[in-house]
Amino acid sequence: MPPKVDINKCDGCQAQDEPLCEQVCPGNLMTLGQDGKALCRALRDCWDCMSCTKVCPKGAIETRIPYQLGYHGASLTPMLGTNSITWTCVDIEGNVERFRVKTRGRFGQ
Amino acid sequence: MSLAPRIGLLAWDQGQALAQALDWPGLLLALGKQKDVKLVLAPTSLGQGRAELAAALAEGQVERLLVLGAPSHTQRQDLLAALAPAGLNPHLAAWLDLEAEGVLDLGLPAAQRQKKALTLVKMHLALLRLAAPLEPVEAPATRAALVLGGGVAGLEAAKRLAACGVEVHLAERAASLGGRVAQLSGLYPLGCDPLCGLVVSLRELCANGQVHIHTLSQLTDLAGAPGAFSATLSRAPRFVDPELCNGCGQCATVCPVEVPAAQAWWQDEPPVNPRAFALAGLKPAKAIGPGGPLAFPPAWRVRRELCPPGCRACAEACPSRALCLEQGEEHFTIEAGALILATGWDPYPLSRLERWAYQQSPRVVGNLELERLLSPAGAAALAGMEPRTVAFIQCAGSRDQAHLPYCSGVCCSASLKQARRLKELYPDLLCYVFYQDIRTLGFEEDLYRQVAALPGVVLVRGLPAQAQLLEDGRLGIRAEDAFSGVELKLRLDLLVLAGGMTPSAGSVELAARLGLPPGPHGFYWSHPQCRPADSGRNGIFAAGCGREPMNVTRSLESAALAACHALPLMSGQVRLAPHLPRLDKGKCDQCKRCLEECPAGAWSLDERGFPLLAPTRCRQCGVCMGACPLAAISLPGSTIRQMAAAIEVLGDDAAFAGQAPLVLALLCQNDAWLAARQAARAGLALPPGLVMLPLTCAGALNNALVADALSLGVDGVLIGGCPGQQCHYRTGGELASRRARDLGGKLTQMRLEPQRVRFEPLEVGQAEDFARLAAGFAQELKALGPNPFRM
Amino acid sequence: MAQMLPQNLADIPDEVVDCGLLIIGGGNAGCFAAVEARKLSPDLDIVIMEKAHISRSGATAAGMDAINTYIPPGKTPEDLVRWSRSQVGGGPIREDLALSNAQELNQAVDDLEEWGLPIVRDEEGNIKYRGGWDISIRGEALKPIMAEKAVETGARVYNRVVASNLLMDQGRCIGAMGFGLRDGKFYVFRAKATIVATGGACGLYKSYTADATTSHHQTWMCPFNVGTGYAMGIRQGAEMTSLEQRWVATRTKDFCGPVDTISVGYRSAMINARGELILAERYAHLGGDKAPRYIRANAPMDEWLAGRGPTYVDTTHLSPQEAKELKIDYLCERPSFVLFLASRGHDVTKEPIEIYGSDPYIVGGHTQSGYWVDIKRMTTMPGLFAAGETAGGNPNKFVGGCAAEGKLAARGALEYMSGLTLPPLDLNQVAAEKTRVFAPLLRGPEFDGVSPLEMEERMQRLMDEYAGGTSQFYRTNEERLDYALRHLRMLMGQTGLLTARDLHELMLAHEVIDRLDVAEVLCHHLKHRRETRWPGWQTRSDFPQVDPALDCFVETVRDPATGQVRAFTRPYEQVVPGDRYTPTLDGKF
């Protein structure tokens, strides 16, 4: 059920007009709840693009696969660098895989 | 696009230390092959190097410079000055003192030292490649000042500025100048009448054609930026034409209003027991009266809110036809380069101290109220009380968690001064001073000794629990002397509560309106040693008791300090360092974090909702660069791209560390960096895999750079900043610490140990602590094992 | 965030914006249109209307791992057209559009690389081709990179403004209207020329995974692109082309993610439960693994239907390094697919990846459904240009082609607007639209209506079962299409009952309305093509063969006054010589 917000880490972007996740979601699905924390209006409408997960400066959002499609316990965490993105994937067996991908700049020079 | 960079490398191994520790020629050869390095010089003297470089610059062979070596500050300045005519922009010069980077450590294998040296230079080349030739920025600095507050501090600031040829606008919200000091009857230690000094100041100001005094005026809006403020003020109506009024007082005789007698003119707060005031035999006040002890202009004024509807008795009676009852509020604008806030203090409301019968009797007064009774105008009222036994209660509502937790510093001296005066007026007076501690500092010890020695003056340690109102309006108290244990039961003719000082309502309001950061206990913020006159916002300076409780001398000194700090902003033009943050609007998604986290309030929003920088508000700390989640802001000279390029070199060259953990230390240049350099220069053992880079402020570090470092295989990142409140820019260290914690949470999700990122507070002298810290960190990292991202 | 909801229409503020060029949709084509327009005209007042936030809106939100068309050295634009033509079974395609697009293609991709998009190159710096035409990119930041360039032009970007209808002046498009998703305002944009680039239409059909609590939007295509661009044109009488050529593709089963990466990039052949190489064995005559895309889409479904499923792409030959590279590709485009694999403990080197057909979409960048446009990309409505997935006639554009088309549309728009002045605003039109837009929000608490979700689900099930959705293995016939049309009409008649409780639901309500308009026209297209030319994309069980008489384009126009949809045809014109059914001149694959 994507995305999941950890309310202990989320600070609602300190009650700015729009938290970063709300600002970025292509489906207008993230918003602030009454408790001042981020929430997804309709989990079923999420496309798991992971834009919210990438942008959260507190690392409070996790994207998950709907249980209809995949089992519980796996995780995929992005970390944005200045011109790259790093991912850690943990499967349901606990195997860890790491990836670093350059996202800006020229290759092969 | 612009041309590729052309770097000249000047290797100056003055003491031959590097040649001994490294294969120096081999290093220089390798450096000569680096991308964009067009020239490598290894002169025996700086002078020789300078000449060759000048030629290379003039020919266009190079246009930027990296100096390897440790020239002194003067030598650096000389070199830059000498090369400037050849075309070297000072911001295209970089300096790398390899000796302060731990490459001299002979405990390391030679090959490793060599690799480390090469990596370090490559990192600095990466920084230099992306440097830009910066030019200083000029901003207008209007030659006018706005001083808010016409008390002693405001008047002094106005005098100092006027003496420097600045046009001064002094605005005071009351009709009278002089503030609270004008209400005092005498100043210690010399017993001077404060009006003396105030009148002299006022005369000096009036004689200066460049000084404009606006009473009944206060600030309603401040627009613009430091150097070019545009202040809007409102002037309350006086209802009397100062040109025509001669103070004859006819109006008062026909004024039907009687300000309730209970509002005795010497008490700040209305009493709850009106019967007690019949005893005082006071004459009622009117709605029209003189403006105050130092009214400026010296005309009367009407308190219109007290007038009955439609009443025009004063207007009809005035022989000079000076009344203008239709007058309304006016607004006017002042252009100023800087503001000085000298908005003073209010006494702590003594009505909140219920146990000492304040408001129950006119015989219970505060220090300020006693001043009025001690003045000639109050002599009759004082005599009416037939003072034979008087008591002072010090720390009334001060140093008390339930009221004011702090000490106001001046009340002990003030009470002793007043006791001395009372004894002069009533030699047979019995005067008790109940205290917790007598705090008469410095030369005021003399005052204390003098007063304590007076016959009939008794200092008792221990405050009476309460004061009982007696039938005749006098007060009964009981107290115990803490030293002797003797219990006192007294019947008092006058009880003086030495209450504390709070920031004035005007100060509090102004701080909110101007968006100033909060100071302790509601006073204006300042940094006690680094920036005592600072309000937290460029161009706005604070002086006097609005900053903290202080005596008149300190108020005057603080005002002069504020004036001095303000001067550059009123000099016609002010020159700013060129490291003003630049926003890449393309990347910006208007989340406003830069606005919210900027400690100096330098960002606002433009009409499209994008952040807009006010250059003169900016302190060039870089906190905005650290805050932006999209890395859209950078400070020229230490941009995110520059840092990322240097970190990428480190990642590529990670092997130089060998088996040792690769540690990147990002250190605030104000404190932590200096401590670290000192540690290296002093030869303290530093981890072989340690590489250091400076930051303008720990708060300027963007988490994306830490992410880069970790993803490239750096084993640990150490962030050094100023401890807590010591941060040069107020909030940078705190923010850095918080961001490091946030990143820690993300790292855990990434199955990376959060201990790999550490924020440490470091002060400039803590070289040994730095070495110890670095060693400890490296050890922990060794135990954790290499970064799993070393792929 | 609590929103102040209006009590009545008068409470809703209006914002009228005049500009030179209006771009509806700040996606791939939209951003390129803005950049090109700025290059051609430094002073032009450009406005971009974007319903999400331009930095991550639309189909490229999560990124992209490949650009499927980039002409390699030694090949020509004509070659590309030939290949594209053969990929849709010989067409018919608009070869004029395809050729002009191909001539522009490489420059657009070069622009992207110049802007910082990493294209995978080898050590010598040469681009690595993963297929005949496709190149690999590390496009996680593709959208921000394009968005930054669009913003840098100084264009006024109106984020969170949903387009609702075109602004018209006597049959000419002079802008668009819409509402603010955050500020609740009614927006009117008046422009000398308008480019509609709102992407394609997803969610016309029920996705087969949409039967669970949290996977309603488990679609390959961006579910937030609902065909608003098409709908706005349809409502005003613009001509649509080839909607019946729906994009149905082979996708990873359940997750519904891209498969080309695996099948093309990692040479993983399609196999069935018995391990048979489906394409190679059954479709050799059509090119085997290089067969047209609809063959590749339909093949696994046929296997399932015949009882030989499940079907897979066989990744078991991959080395661990290749498996890692594969995941990197996915991380750049659909990162949650990597999570999907992880959540099943699926090691791709040991188990193949299961595939299935996707739900049908309308995307003019993949097939050729969309607005009928002329060579300058102007639609049949003067003043309205289309680009990207929204423009029809030219299939196989993909990222590079949509970018190129954005540029072409910008040029066309600038040429069109020269010398033009804006007519006055028709206040009646504006008032009527404002009423229509906000009606669902102003029903009042007592109103007994229908939620957007209810209507959406009803429509999606209807289309799935009757108009050739996945559950029907894409098959439909005359009777079913008539049934679908009848019920679509009933739904359209009941849109006046849609109720929204906040601005987000208001958007959902209009998404349903827009989808219904597109779905209706789509059914007309499916009806009119009484043949089966591209099985899977368009399968008529009552007309299973190709009918040579229908070797032409099927077109529709809806009468704005009566709502009647008229279907007709336009002839095909071959521009690039060669055998239509093979990608090369010599008739080989």
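It should be emphasised that the depicted structure is a prediction, and the values quoted were computed from it without experimental measurement. Proteins get letters first, then strands, A, B, ... in listed order; numbering begins at 1 in each.
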Of the backbone (N, CA, C, O) and the side chain (C-beta and beyond), which part of [X] lies under 4.5 Å from a heavy atom of chain C, both, or neither?
| X | value |
| --- | --- |
| Ile85(A) | side chain |
| Ser75(A) | backbone |
| Val101(A) | side chain |
| Val55(A) | neither |

Worked verdict on Lys102(A) versus Arg138(C) for side chain to side chain contact (heavy atoms under 4.5 Å, CB included): CA-CA 7 Å; Lys102(A) 194 171 160 83; Arg138(C) 297 283 182 251; 5.5 Å; no
In Å, rounded to the nearest 0.5 Å, how long is the span from [atom1] of [X] to [atom2] of [Y]?
| X | Y | atom1 | atom2 | value |
| --- | --- | --- | --- | --- |
| Cys89(A) | Leu341(C) | SG | CG | 8.0 Å |
| Ile119(C) | Arg106(A) | CD1 | CZ | 7.5 Å |
| Leu43(A) | Ser215(C) | CG | OG | 11.5 Å |
| Asp91(A) | Arg344(C) | CG | CZ | 13.5 Å |
| Ser51(A) | Lys143(C) | OG | NZ | 10.0 Å |

Heavy-atom pairs under 4.5 Å with chain A, option from His217(C), Gln218(C), Glu50(C), His346(C) with the top count: His217(C)
Partner of Arg104(A) by salt bridge (charged side-chain N to carboxylate O under 4.0 Å, His left out), out of Glu140(C), Glu148(C), Glu114(C): Glu148(C)
Candidate pair Leu339(C) and Trp87(A), rule side chain to side chain contact (heavy atoms under 4.5 Å, CB included), full reasoning: CA-CA 11 Å; Leu339(C) 181 57; Trp87(A) 301 88; over 6 Å; no
Which residues share a side chain to side chain donor-acceptor pair (under 3.5 Å) with Thr228(C), sequence neighbours left out: Asp514(C)
Charged tip of Lys327(C) within 45° of Phe99(A) ring normal and under 6.0 Å: no
Which residues share a side chain to side chain contact (heavy atoms under 4.5 Å, CB included) with Cys202(C), sequence neighbours left out: Thr219(C), Met221(C), Pro223(C), Tyr361(C)
Pairing of Arg44(A) and Glu457(C) as salt bridge, 4.0 angstrom limit: yes
Note, Ser343(C) side chain near Leu69(A) side chain (heavy atom, < 4.5 Å): no
Stepwise side chain to side chain contact (heavy atoms under 4.5 Å, CB included) test for Met507(C) and Asn28(A): CA-CA 10 Å; Met507(C) 175 176 73; Asn28(A) 196 43; 4.0 Å; yes
Pro26(A) to Ala52(C) - nearest heavy-atom pair and separation: O-CB, 3.5 Å
Leu76(A) and Leu331(C): CA distance, side-chain angles, deciding distance, side chain to side chain contact (heavy atoms under 4.5 Å, CB included) verdict: CA-CA 10 Å; Leu76(A) 178 64; Leu331(C) 288 170; 4.0 Å; yes
